[in-house]
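All residue numbers refer to positions in the sequence shown, counting from 1.
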Amino acid sequence: MKVLVNDQLLERDQAFVDIEDRGYQFGDGVYEVVRLYNRRFFTFNEHIDRLYESAAKIELAIPFSKDTLRELLTTLVKENDIHTGNVYLQVSRGIQMPRNHIIPDDFPLEGVLTASTTEVPRNLEKFVSGGSAITAEDVRWLRCDIKSISLLGNIMAKNKAHKAGALEAILHRGDIVTECSASNVMIIKDGELWTHQSDNLILNGITRQVILDVARKNGITVHEADFTLADLHGADEVFISSTTLEITPITAIDGTVIGNGLRGPISARLHELYEQEVIRQCGEFEAVK
Ligand code: PDD
């Protein structure tokens with residue numbers, strides 16, 4: 001198993017980061033998770049663009065051009081023979097001694113890129129049966145649009161869900177539902193789709209963007225607007241979306257069944273449309289050995 005450290009492909013056990021890397025000390029960095037189907041990246045450019053946008057928002061200079069980064073990641077997944085799986089990549093602000101909150105401007109820090117891969121088959125059963133969720137107050141910072149490696153608020157919420165035997169924690173600020181610990185959330189009411197607008201309170205998921213696009217192109221009314229906890233609990237259908245979860249139905253929230261407790265027809269239709277987009281970019285789903 002090879003990993004990437006900057007432009008070096010290394011054996012996993014030969015790869016190390018410096019203890020004074022700002023990513024390690026401050027969580028000062030940005031990341032992406034990109035999915036591969038049939039050995040091809042899905043929405044590759046969108047993820048690379050978002051990485052650079054996140055970096056720009058925190059004034060972090062990524063030490064490679066987008067083309068070079070794409071080439072490095074392509075080599076990594078080939079080397080590891082990934083068919084259907086994930087690439088995790090992050091760029092930290094780099095090494096600084098001694099530790100100091102201030103980003104120095106008297107010498108340039110070199111951002112540190114690391115990337116690894118995992119073969120992860122599509123969880124077809126989960127895409128149909130879905131899972132339950134809890135709700136939790138969204139106590140994260142106010143720049144959730146940045147895909148930052150500082151994820152304490154997210155992991156605390158996810159772990160709370162896990163302990164409750166739930167798949168996800170759906171977050172809310174007061175009465176307004178934002179997103180989840182590691183995914184976006186959408187609801188269907190009277191045939192129309194509602195999801196929080198893309199602003200500083202959510203990560204504008206790439207999966208979210210594909211879903212909204214195919215929904216609009218197929219005549220489903222989309223509201224990118226505030227909706228409340230009462231709307232969530234009273235929805236006809238609820239689903240979450242992310243690179244790895246695609247569209248996963250939420251069939252119960254805080255112990256209350258949503259709709260009839262099964263994946264709803266619009267969720268199913270949207271997943272079909274999402275799969276068509278995957279097929280368009282990556283080809284018909286091949287059986288994974
Ligand atoms: N999480 N919101 C949050 C807080 C997320 O962490 C994610 C993704 C999303 C969905 O984004 P996308 O559709 O681009 O994957 C929304 C990734 C998969 C993770 O941290 O593992």
- List, by chain and then residue number, the residues other than V120 in its hydrophobic cluster (Ile/Leu/Val/Met/Phe/Trp/Tyr, side-chain heavy atoms under 4.5 Å); write none if there are no others.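 Besides V120, the cluster holds no residue at all.
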Could you verify whether a donor N or O on one side chain and an acceptor N or O on the other, from [X] and [Y], lie under 3.5 Å apart?
X	Y	result
T178	D138	yes
R99	Q25	no
E272	Q276	no
E119	H83	no
E168	S183	yes

- Item | Where T207 and T243 come nearest, the two heavy atoms and their spacing |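 The pair with the smallest heavy-atom distance is OG1-N, 3.0 Å.
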- Task: For residues N38 and G283, report the shortest heavy-atom separation together with the two atoms involved.
- Result: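 Result for this residue pair: ND2-O, 3.1 Å.
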- For F285, is the NZ or CZ atom of R122 found under 6.0 angstrom from the centre of its six-membered ring and inside 45 degrees of the ring axis?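 Yes, R122 sits over the ring of F285.
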- Task: Establish, for the pair R22 and Y24, whether the NZ or CZ atom is under 6.0 angstrom from the six-membered ring centre and no further than 45 degrees off its axis.
- Result: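 So R22 doesn't make the cation-pi contact.
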Evaluate the side-chain proximity of [Y] to [X]: yes if any heavy-atom separation is below 4.5 Å, no if none is.
X	Y	result
K2	S116	no
L270	I220	yes
T228	H172	no
R140	R173	yes
L193	I187	no

Do side-chain atoms of [X] reach the backbone of [Y] as a donor and acceptor pair under 3.5 angstrom?
X	Y	answer
E179	L171	no
K189	G234	yes
R93	D21	no
Q209	N204	yes
E46	I206	no
N86	T118	no
Q90	I149	no
D18	E20	yes
S54	Y31	no
N218	V214	yes

- Item | Stepwise side-chain contact (heavy atoms from CB on, under 4.5 Å) check, R263 with V128 | CA-CA 6 Å; R263 173 168 78 158; V128 176; 3.9 Å; yes
- Within residues 229-282 or reaching into it, pairs that qualify as ring pair (Phe, Tyr, Trp, His ring centres under 6.0 Å) - sequence neighbours excluded: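 Of all non-adjacent pairs touching residues 229-282, those that pass ring pair (Phe, Tyr, Trp, His ring centres under 6.0 Å) are F42-Y274, F127-H271.
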- Task: May I have the step-by-step check of side-chain contact (heavy atoms from CB on, under 4.5 Å) for S241 and M186, ending in yes or no?
- Result: CA-CA 8 Å; S241 71; M186 305 192 185; 4.2 Å; yes
Sequence neighbours left out, cut at 3.5 Å: what donor-acceptor pairs do the side chains of residues 157-166 make with other protein atoms?
from : atom 1 : to   : atom 2 : distance (Å)
K158 : NZ     : L167 : O      : 3.2

- Working for salt bridge (charged side-chain N to carboxylate O under 4.0 Å, His left out), residues R40 and E286: CA-CA 12 Å; R40 280 179 237 167; E286 296 166 357; 5.2 Å; no
